[in-house]
Every structure is written in C-alpha cells, then in structure tokens.
Amino acid sequence: MNDQTRLMHSHGVGMAGHPGLAQHMQDGTAGTDGEGRKQDIGDILQQIMTITDQSLDEAQARKHALNCHRMKPALFNVLCEIKEKTVLSIRGGQEEEPPDPQLMRLDNMLLAEGVAGPEKGGGSAAAAAAAAAAGGVGADNSTEHSDYRAKLSQIRQIYHTELEKYEQACNEFTTHVMNLLREQSRTRPISPKEIERMVSIIHRKFNSIQMQLKQSTCEAVMILRSRFLDARRKRRNFNKQATEILNEYFYSHLSNPYPSEEAKEELAKKCSITMSQVSNWFGNKRIRYKKNIGKFQEEANMYAARTAVSATSVSAQGSQANSPSTPNSAGGYPSPCYQPDRRIQ
DNA sequence: CCCTATGATTCGAA
DNA sequence: TTCGAATCATAGGG
C-alpha cells in the first residue's frame, strides 16, 4: 500500500496544483507553434517543481479551475491509461491468491470449538460435545465443566466483539479511502479499477489482522482446552452417594449386573455422571467382583441388607426409586450370604 | 514414600 | 457395540 500512496501523492502534486497547465489551457492557445509549446512545457515543469511553494488556497483554486476544464476528461483518461500501463501493471497478477490454508485451519478449529459457529446454544453444545467426545467427562465435575464453558464463551464473546470491531474499522476505512480516492480522482488519474484494487488491498490487510485475532483466539482455546484436559485426566472418585447408588444397583442385580440402556441412563442421572462412566463403573465392578468375591463379601452383605431394609420400608416411604426392574435370577455372579432381593428374616 | 482403591483406556473376542 | 481383561494413572490413606 505504501508505494501506492506515494504514487498517488506524487501524481496528486503534479496535477492538483498545476498553474501553468491550467492557464495554458484556458488561454486556448495551446499548441499553435512548436517553439511556444516547448516553452510552455518548460514553464509547466518549472511550476511543477515549485508547486510546494504555493499556498493551499492558491492550489485549491487552481485545482478547481483545472477540474472544470473541458479537456479534463480526456486528459484524465490518458493519464489513467499511462498510469495503468506503467506503474500499476507491475503489481498485476498477484490478486486472486488462493485461500490461505492456515487461515482455513484456524477457521475450522474455531468452528469445531464452537467459537466461530452459531450463537450461544449451538456454541456451548458444540463445546460440550467436543468435551464428551474427548473422553466422557463426568458431570460430577460439573463445576469444572461449567467453568470450561464459561471461559470458552468468554473467549467467544471477545472474539466476536473484536471481529466486529475489525469489520467496522475495515468498512469505515474502506469507505473513507474510497471517498478520498473518488474525490481525488477529479484531479488526478485514478481509475475505478484502481480504487477497486485499493479496496482489495485494504481488505487483505484487514484480513491479515483478522488472522492474527483468529490465531490468538485459537491459542487461547488450546490453552483452555489443555488445562481442562489436564483437569480431566486427574481422576476424581465419584462422590459417596453416587457410589452407593451404583453399588445398590449392582448388588441388587448381582445375578445379572448388566444395566440396560434405560437403567444406565437413570443411574447416570441419579449419580450425576455420564452413561459411559456408568458403563465403566459396571465393567470395573463386574471384573473386580468376579476376581475376588471374598473381598467384596462384606460390601455385598451390607448392600443386600440395606436393599432389604429399604424394600421393607417401601410401603412406608413410597419413594424408593432405586434398583429398577430385573431382580435376581440364576446364572449370574456367585452370590454372597445374602440374596440381594431376599429380605432379612 | 508405598500400597491399595478406583476411574479410565485399550484391545481382542463375540 | 458391548463385554471381559489387562493395564494405566491418579487418589487417598497409612
């Protein structure tokens, strides 16, 4: 952009305040004899060299005079053409660059993380989905989860306001430059094509700024994510209540400790953990129980007794929703002393 | 420190 | 896909 500005500037000076030329043309005596013309050109050049000595008002007046001259459009076109052929052609061919792969990568990531996607709901849903996909986070750590979401939406908000700001600045700047160029095109050779080119240069510039924003947003998300991931990697035991609920189900279905999808869902809800965590828990429990029944004897007895007690008190309590359906039948794991659904005598 | 408990992950089989 | 089994990695208790 710099050289272009310089270019415009130099042309601007040359044309805008060209007293000699203006006067010369207004005389209507231009080009009557070769000698005189040469002399005129010499004058013109001389005055161009000394243009900076002129006051602003003087230059303005001459500019106006020049602008109204009947030869102006023709002169303008010629100058435009010359300019196009000489300077601008150097820059030709570098347009239409292919979409930056890195930019696409950034865009994709922002979209995937729910930063760049549709508003609020979709965003956090995407975040939750991403988190879940990365390995089934426990809703048990709902504080961490919401923390993550809050931070993400914070990033998202900053990103969007910044983006909007850039957009606005870009538009403002573009219209400003366009107005300026249009204004100046009355006095110096600026073709519409050139304006267009200028606009595209501005947009490219702002795009690179936007890319920086995207880059830093991505970094922020990565940092947040890694921190969240680390937090998740640190195993947290389920809380006591959840363990009790799971154990209760396990021991009361000891002969067939395979909760159905619905049962898993219900357990997950009750324990505030995910279904995959429920599955993990039952997988672990089954294998560990089987491996060492003796070790779990006491626990089994305890839960069996508790279930029995709760079963007897159901009539009174009326709200014992635990251990849904499918009680014991033969063929499961070897049972400890108590049959889970057998009442204490 | 060590040791055990425990949630998560991986992998092969059904 | 789900399960069992082995294994990993951390929590948590001495």
Side-chain angles (χ1 to χ4, degrees), chain A residues 109 112-114 124-149 151-152 221-307 321-341:
Chain A
M109 182 187 158
E113 292 296 332
S124 51
V137 62
D140 161 49
N141 327 323
S142 54
T143 48
E144 289 174 31
H145 201 230
S146 65
D147 207 35
Y148 176 80
R149 250 189 333 212
K151 292 235 169 70
L152 191 71
V221 171
M222 291 299 267
I223 288 168
L224 176 65
R225 215 167 143 66
S226 75
R227 213 181 296 164
F228 184 68
L229 230 60
D230 280 353
R232 226 177 2 180
R233 206 178 291 281
K234 294 194 174 192
R235 185 178 59 75
R236 302 262 311 242
N237 290 354
F238 298 152
N239 61 41
K240 216 171 155 188
Q241 199 193 350
T243 311
E244 272 180 29
I245 291 168
L246 293 167
N247 271 317
E248 221 157 281
Y249 186 96
F250 180 78
Y251 286 113
S252 64
H253 296 75
L254 201 52
S255 59
N256 187 32
Y258 299 89
S260 62
E261 283 296 295
E262 298 80 51
K264 279 185 195 172
E265 204 167 355
E266 194 182 330
L267 286 166
K269 214 165 85 183
K270 269 199 263 184
C271 301
S272 309
I273 59 179
T274 65
M275 278 180 70
S276 64
Q277 282 178 302
V278 173
S279 298
N280 285 339
W281 190 91
F282 274 89
N284 284 321
K285 191 73 183 179
R286 279 191 300 263
I287 188 71
R288 282 163 187 163
Y289 179 82
K290 201 180 87 172
K291 259 176 152 175
N292 192 349
I293 295 174
K295 199 174 70 182
F296 289 92
Q297 187 78 196
E298 202 181 328
E299 190 178 69
N301 289 342
M302 195 187 91
Y303 279 103
R306 187 186 304 204
T307 320
N322 287 340
S323 48
S325 70
T326 47
N328 277 350
S329 58
Y333 289 85
S335 301
C337 299
Y338 291 96
Q339 282 292 354
D341 60 347

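Sequence lines set the chain letters: A, B, ... in the order given, protein chains first and strands last, and positions in each chain run from 1.
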*Asks:* Using whole Å, report how far CG of Asn280(A) lies from P of dG4(C).
*Replies:*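 Distance, rounded to whole Å: 13 Å.
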
*Asks:* Look at the side chain of Arg288(A) and decide which nucleotide, out of dC3(C), dC8(C), dT9(B), has an atom nearest to it.
*Replies:*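 Among dC3(C), dC8(C), dT9(B), the one nearest the side chain of Arg288(A) is dC8(C).
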
*Asks:* Nearest to the Lys291(A) side chain among dT2(C), dG7(B), dA6(C), which nucleotide is it?
*Replies:*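 Out of dT2(C), dG7(B), dA6(C), the nucleotide with an atom closest to Lys291(A)'s side chain is dA6(C).
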
*Asks:* Can you confirm whether Glu298(A) sits close enough to Met302(A) that some side-chain heavy atom of one is under 4.5 Å from a side-chain heavy atom of the other?
*Replies:*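 With C-beta onward as the side chain, the pair stays apart.
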
*Asks:* So, are Lys285(A) and Glu299(A) salt-bridged, with charged N and O less than 4.0 Å apart?
*Replies:*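 Yes, charged N to carboxylate O under 4.0 Å.
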
*Asks:* Can you identify which nucleotide, out of dG7(B), dA8(B), dG4(C), has its nearest atom closest to the Lys290(A) side chain?
*Replies:*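 Looking only at heavy atoms from C-beta outward on Lys290(A), the closest nucleotide is dG4(C).
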
*Asks:* For the side chain of Lys295(A), starting at C-beta, report the closest nucleotide among dG4(C), dT9(B), dA5(B).
*Replies:*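 Given the options dG4(C), dT9(B), dA5(B), the side chain of Lys295(A) is closest to dA5(B).
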
*Asks:* Over 60° means perpendicular and under 30° means parallel, so tell me whether Phe250(A) and Phe282(A) are parallel, tilted or perpendicular.
*Replies:*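 Rings of Phe250(A) and Phe282(A): tilted, as their planes differ by 30° to 60°.
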
*Asks:* What is the distance from CZ of Arg286(A) to P of dT6(B), rounded to the nearest Å?
*Replies:*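 Going from CZ in Arg286(A) over to P in dT6(B) covers 17 Å.
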
*Asks:* Classify Lys264(A) by what it touches in the nucleic acid, base, sugar-phosphate, or nothing, heavy-atom distance under 4.0 Å.
*Replies:*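 Contact class for Lys264(A): sugar-phosphate only.
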
*Asks:* Side-chain N or O of Gln277(A) versus OP1/OP2 of dA8(B): is the shortest distance under 4.0 Å?
*Replies:*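 Result: yes.
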
*Asks:* Over how many whole Å does the gap from Arg236(A) atom CZ to dA11(C) atom C1' extend?
*Replies:*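 Whole-Å distance recorded here is 10 Å.
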
*Asks:* Please give me the minimum heavy-atom distance between Pro259(A) and Arg286(A), naming the atom from each residue.
*Replies:*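 Taking every non-hydrogen atom into account, CD-NH1, 4.4 Å.
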
